[in-house]
Amino acid sequence: MDSSWICVTCGVQFTPAPRPPARCPVCEDGRQYVGRGGQRWTTLEALRAEHRNRFEEEEPGLTGIGTEPSFAIGQRALLVRTPEGNLLWDCVTLLDDDTVRAVRELGGLAAVAISHPHYYSSMVEWGRAFGAPVHLHEADRRWVMRPDPALRFWSGDSLALFGGLRLLRLGGHFPGATVCLWPGGAGGSGALLAGDVLQVVPDRRYVSFMYSYPNLVPLPASVVARIASRVAGLRFDRIHGAWWGRVVERDGRAAVARSAERYLAALSSQADELELD
Ligand SMILES: [Zn+2]
Ligand SMILES: [Zn+2]
């Protein structure tokens, strides 16, 4: 019988097959890693036996959905409610009956949109379960491990969805790395759903910008400067990162500007900025 194999390290689901794939290209890429002990696989059935999804309101109109115990990269997805329908921003691998019921109670999904390949997870299952298109940037198409008619590839730097939601390609971490601008967030001041394209760090006055987070490989200064100038033109106050608790509550735009400035100083000869000597 065919199983839809899931990589244990990145949580990405592959096209159903009788046997697991030989390798996971997402984990063999320099931005990720193959886990200790080599490539391992699981299935959605096995995952359902040992994990549950936790739902928690992040702010009015925004619900976090994360898997417990934590699985693979450990991100939590965000369900954004607008008067014109709900968006699932980013995704988690586990989809079970309880999750489908809870999402339906919140109004179902009009669409799914994902920041970058590390959160592709079991997006096809989610798209099919809710009859929702899954929006991915075409620049990252080669990282799709389970092609499906539910996947919609967009191009360019911006895609308007519904309810004022807008996808913006910032690049950096991946060529198609995308954030989502939610004008209704933060009580109408606007919120940026950043995935880890802008990574909200433990000091929540800052974000960071990396090529690889697990392997600590930075992005070039020119790319960080470009991302910062793009973000400076957006209207938002709050930044929701990819994990529970990773939120810049207010003044998010200033936090991005401050973070880019610090990052660029660290990459240049301005050592005094960091009090290194
Ligand atoms: Zn993987
Ligand atoms: Zn990532």
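- In this structure, Asp97 places its CG atom where only 12 or fewer heavy-atom neighbours from other residues, nucleotides or ligands lie under 6.0 Å away.
- To the nearest 0.5 angstrom, Ser155 atom OG is 4.5 Å from Glu138 atom CD.
- Between the CZ atom of Phe71 and the OG1 atom of Thr42 there is a distance of 6.0 Å, given to the nearest 0.5 Å.
- In this structure, Arg262 is positioned above the aromatic face of Tyr206, its NZ or CZ under 6.0 Å from the six-membered ring centre and within 45° of the axis.
- Sequence neighbours left out, the pairs with a member in residues 71-96 that pass salt bridge (Lys or Arg N to Asp or Glu O under 4.0 Å) are Glu57-Arg81, Glu58-Arg76.
- In the model, His137 has no side-chain atom that pairs as donor or acceptor with a side-chain atom of His116 under 3.5 Å.
- Ring pair Phe236/Trp182: centre-to-centre distance not below 6.0 Å.
- Taking the six-membered ring for Trp and the full ring otherwise, His118 and Phe174 have centroids separated by under 6.0 Å.
- For Arg204 and Glu249, the salt-bridge test fails: no basic side-chain N is under 4.0 Å from an acidic carboxylate O.
- Note on residues 116-126: pairs passing salt bridge (Lys or Arg N to Asp or Glu O under 4.0 Å), not counting sequence neighbours, are Glu125-Arg146.
- Side-chain atoms of Ser4 and Gln13 include a donor-acceptor pair closer than 3.5 Å.
- Atom CZ of residue Arg166 and atom CG of residue Leu192 lie 10.5 Å apart, to the nearest 0.5 angstrom.
- A centroid separation of 6.0 Å or more is found between the aromatic rings of Phe209 and His173.
- The pair Glu68-Arg52 does not meet the salt-bridge criterion, since no charged nitrogen lies less than 4.0 angstrom from a carboxylate oxygen.
- Judged by the 6.0 Å and 45° rule, Arg54 forms a cation-pi pair with Trp244.
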